[in-house]
Amino acid sequence: MLERGEQVAVSGGSADRHDLKSQWDRVKARLKAELGEATYISWFQYADMIGVGDGKIVLSVPTRFIRSWLLAHQMDRLVGLWQDEDPTVQKIEILVRDPMRGDAPAPASPASSAQAAAQAAVQPSPAMRAAAAAARAGQGQAAVQQTVYSGYASGPLGDGGEDLGAPLDPRFTFDNFVVGKSNELAHAAARRVAETRDVSFNPLFLYGGVGLGKTHLMHAIAWEIRRKHPERKVLYLSAEKFMYQFIRALRFKDTMAFKQQFRTVDVLMVDDVQFISGKESTQEEFFHTFNALIDHNRQVIISADRSPSDLEGIEERIRSRLGWGLVADIHPTDYELRLGILQAKADEIMSSGGNIDIPPAVLEFLAHRIVSNVRELEGGLKRVVAYASLVGRPISLEMAQDVLRDLLRSNERKVTIEEIQRRVAEYYNVRLADMLSARRARAIARPRQIAMYLSKQLTTRSLPEIGRKFGGRDHTTVIHAVRKVDSLCKEDAGLEEDVDLLRRMLEGGPPEL
């Protein structure tokens, strides 16, 4: 880890620096061409050249995990590519940046300043944000935990306050939240609410499927407010607990105290509001509490599994008010974000001192195959690591497949005939309407037969059903297409590769580089 004030020598004047940057750009371009874009983005895109001297090139990367992988798998190739540019280079050293403290890798170097200015124009990718989050996690989370004296956001409410709110998970901070395209709006809005007293949107409504990060963001908001503004009263609880507290107040005839406790907070966060669906009395009290807080310019943050307009069993007046402010949805994760999350978790495992080697191929495999939600994704990695630690077996792709057989089976994608038709038409550059028509030209008929073949292989639809999806054709036409493609694949290696690539694309797996 680069320590504050540590400097890396950079040689030469402006011409030398320009030449070095050109060399590094050419090295990266060759790496990208050799490895493919996906691998390059995951491991090399945010590697920086920060120094050179005495036959040594110094690079920096965001995480220890990336450094370890580069040292193990790419060091010889890196040295070879640099020697093609500069024969005097004998060694490459890789350091890990420390984004938590804001250290520049080479603070006193004009060359590194130019490099930093160039990099500032580049928007960090989810993988980069994941790496930075992992590097910050250890120090950042410790600082938050020292500031927040209670595991409950409702701590400052006074006597009995701790019983009103729900405990906060110390792992759920902004430092540990990996940002991608699917959640960047929700993350940015949560940050704004946590850092600014007066925001232009109130309430903030977060919604998305199970395990996509809604609760994580709400806990992160609470931790950040308590760290930056400890005098503010923050209350976090689930909708179910809100209902329980309200029923309890009715039972003990103490509704005035209940109202006072909820309506004197500065920030109220209610998680999973869909659980008060159909509870008329609870909704009535929630409605009045919500209005009282909004009227007094207090921040309200709500989460649910669907948008306000889609909340069934919730009164129309409540749904209308929930949509007053900013409604931010969290989409299912894409491959890049899932890989970034796994890289961050792997780096965390390595940082904790576990003597575990996690091959990058395993992370890429898990990112492709476990697509349901982040909880299952992280749980899958933990199962693999635990199995390797307990049984004493090295982690490999085969071992991960064996250990996670049940999880992988539940995450298998259900491919539709329509998706097969669209993908095959795009692959062979033909119109979808032509593929479904009666045209028999070879350029149309062959893709049609391949689409029928894949429909038989990848779906559970019957032959007559498949035929009907292809312009009302008879099942015998489908049988002929399946047999024809099967026969051609045995004779034509190129066609076999095309069909195999289409199958992997449809199943969600990565095409082989």
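The chain is numbered in sequence order, starting from 1.
A 6.0 Å sphere centred on CD of E240 holds no more than 12 heavy atoms belonging to other residues, nucleotides or ligands. Annotation for N429: atom CG does not count as buried by contact number, only 12 or fewer foreign heavy atoms lying within 6.0 Å.
Atom CD1 of I318 sits about 4.5 Å away from atom CD of Q283, to the nearest 0.5 Å. Considering CD of E376 and CG of L404, their distance stands at 10.5 Å, rounded to 0.5 Å. To the nearest 0.5 angstrom, L250 atom CG is 12.5 Å from R248 atom CZ. To the nearest 0.5 Å, atoms CZ (F365) and CD1 (I370) are separated by 8.0 Å. A distance of 5.0 Å separates CG in L217 from CD1 in I330, rounded to the nearest 0.5 Å. Summarising the geometry, atom CD belonging to Q74 is positioned 8.5 Å from atom CD belonging to E34; distances are rounded to the nearest 0.5 Å.
Residue pairs that meet the salt bridge (charged side-chain N to carboxylate O under 4.0 Å, His left out) test with at least one member in residues 268-284, sequence neighbours left out, are E284-R317.
Under the 3.5 Å distance criterion, with hydrogens and angles disregarded, a donor-acceptor pair is assigned to the side chains of N291 and R321.
No side-chain heavy atom of F275 sits less than 4.5 Å from a side-chain heavy atom of S238. Inter-residue side-chain proximity for V267 and R232 is flagged as met; some heavy-atom pair is nearer than 4.5 Å. Contact of the Y236 side chain with the M218 side chain is registered, since non-hydrogen atoms from C-beta on lie closer than 4.5 Å. F205 has its side chain out of reach of L326: every pair of non-hydrogen atoms, C-beta onward, lies at least 4.5 Å apart. The shortest distance between side-chain heavy atoms of R503 and L454 falls below 4.5 Å. Using a 4.5 Å heavy-atom cutoff, the side chains of V193 and N202 are not in contact. Contact of the L59 side chain with the L95 side chain is not registered, since no non-hydrogen atoms from C-beta on lie closer than 4.5 Å. Residues L339 and L337 have side chains not in contact (no heavy-atom distance under 4.5 Å, counting atoms from C-beta outward).
The side chain to side chain contact (heavy atoms under 4.5 Å, CB included) search around D402 returns R405, not counting sequence neighbours. Shown here are the side-chain hydrogen bond (donor to acceptor under 3.5 Å, both in side chains) partners of K469, two or more places apart in sequence or in another chain: E418. Remark: E285 pairs with K259, R263 by the salt bridge (charged side-chain N to carboxylate O under 4.0 Å, His left out) rule, at least two apart or across chains. The side chain to side chain contact (heavy atoms under 4.5 Å, CB included) test applied to V385 returns I349, I356, I358, L381, I395, not counting sequence neighbours. Every residue two or more places apart in sequence or in another chain that forms a side chain to side chain contact (heavy atoms under 4.5 Å, CB included) with S396 is listed here: E398, M399. Contacts of D25 classified as salt bridge (charged side-chain N to carboxylate O under 4.0 Å, His left out), with partners at least two apart in sequence or in another chain: K21. Considering only residues two or more places apart in sequence or on other chains, Y207 meets the ring-ring contact (aromatic ring centres under 6.0 Å, His included) condition with none of them. Partners of R423 according to the side chain to side chain contact (heavy atoms under 4.5 Å, CB included) rule, which considers only residues two or more places apart in sequence or in another chain, are E426, L502, M505, L506. Annotation: salt bridge (charged side-chain N to carboxylate O under 4.0 Å, His left out) contacts of R319 (sequence neighbours excluded): E316. For H73, the ring-ring contact (aromatic ring centres under 6.0 Å, His included) criterion is met by W69, not counting sequence neighbours. By the ring-ring contact (aromatic ring centres under 6.0 Å, His included) test, F44 is found to be paired with no residue, residues two or more places apart in sequence or in another chain being considered.
Ion pair D406/R383 flagged as a salt bridge, since at least one NZ, NE, NH1 or NH2 atom sits closer than 4.0 Å to an Asp/Glu carboxylate oxygen.
The nearest pair of heavy atoms linking L322 to P203 is O-CG, 3.8 Å. Among all heavy-atom pairs drawn from A328 and A186, the shortest one is CB-CA, 3.9 Å. Contact record, A222 with L168: CB-CD1, 3.6 Å, taken as the closest heavy-atom pair. Taking each heavy atom of A47 and W24 in turn, the nearest pair found is O-CZ2, 3.5 Å. Across all their heavy atoms, D334 and K181 have their closest contact at OD2-CB, 4.5 Å. The two residues D266 and E231 have their closest heavy-atom pair at OD2-O, 4.3 Å.
Remark: the backbone N or O of A367 is paired with a side-chain donor or acceptor of R338 at under 3.5 angstrom. Here the side chain of S303 pairs no donor or acceptor atom with the backbone of L206 at under 3.5 angstrom. The closest donor-acceptor contact from the side chain of N183 to the backbone of G180 lies under 3.5 Å. Between the side chain of R67 and the backbone N or O of I94, at least one donor-acceptor pair lies under 3.5 Å. Put simply, the side chain of W223 gets close to the backbone of D169: a donor and an acceptor are under 3.5 Å apart. Side-chain atoms of Q274 come within 3.5 Å of backbone atoms of D305 as a donor-acceptor pair (strictly under, hydrogens ignored). Side-chain atoms of N373 come within 3.5 Å of backbone atoms of R375 as a donor-acceptor pair (strictly under, hydrogens ignored). Side-chain atoms of R298 come within 3.5 Å of backbone N or O of V265 as a donor-acceptor pair.
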Worked check of side chain to side chain contact (heavy atoms under 4.5 Å, CB included) between V178 and T333: CA-CA 11 Å; V178 183; T333 56; over 6 Å; no
Is there a side chain to side chain contact (heavy atoms under 4.5 Å, CB included) between R422 and E419? Walk through the geometry before answering. CA-CA 5 Å; R422 185 174 62 254; E419 185 179 2; 3.7 Å; yes
How far apart are the C-alpha atoms of F262 and F286, what are their side-chain angles, what is the distance that settles it, and do they pass the ring-ring contact (aromatic ring centres under 6.0 Å, His included) test? CA-CA 10 Å; F262 276 94; F286 177 80; 9.5 Å; no
What do the steps show when you test V300 against F290 for side chain to side chain contact (heavy atoms under 4.5 Å, CB included), and what is the final call? CA-CA 7 Å; V300 179; F290 179 94; 4.0 Å; yes
Can you list the steps and then say if S281 with F246 is a side chain to side chain contact (heavy atoms under 4.5 Å, CB included)? CA-CA 9 Å; S281 297; F246 176 61; 4.0 Å; yes
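Between Y335 and H368, the ring planes are parallel. Angles under 30° get that label, and only those over 60° would be called perpendicular. Aromatic ring orientation, H216 versus F177: perpendicular (interplanar angle above 60°, classes split at 30° and 60°).
Between F258 and F252, the ring center distance fails the sub-6.0 Å criterion.
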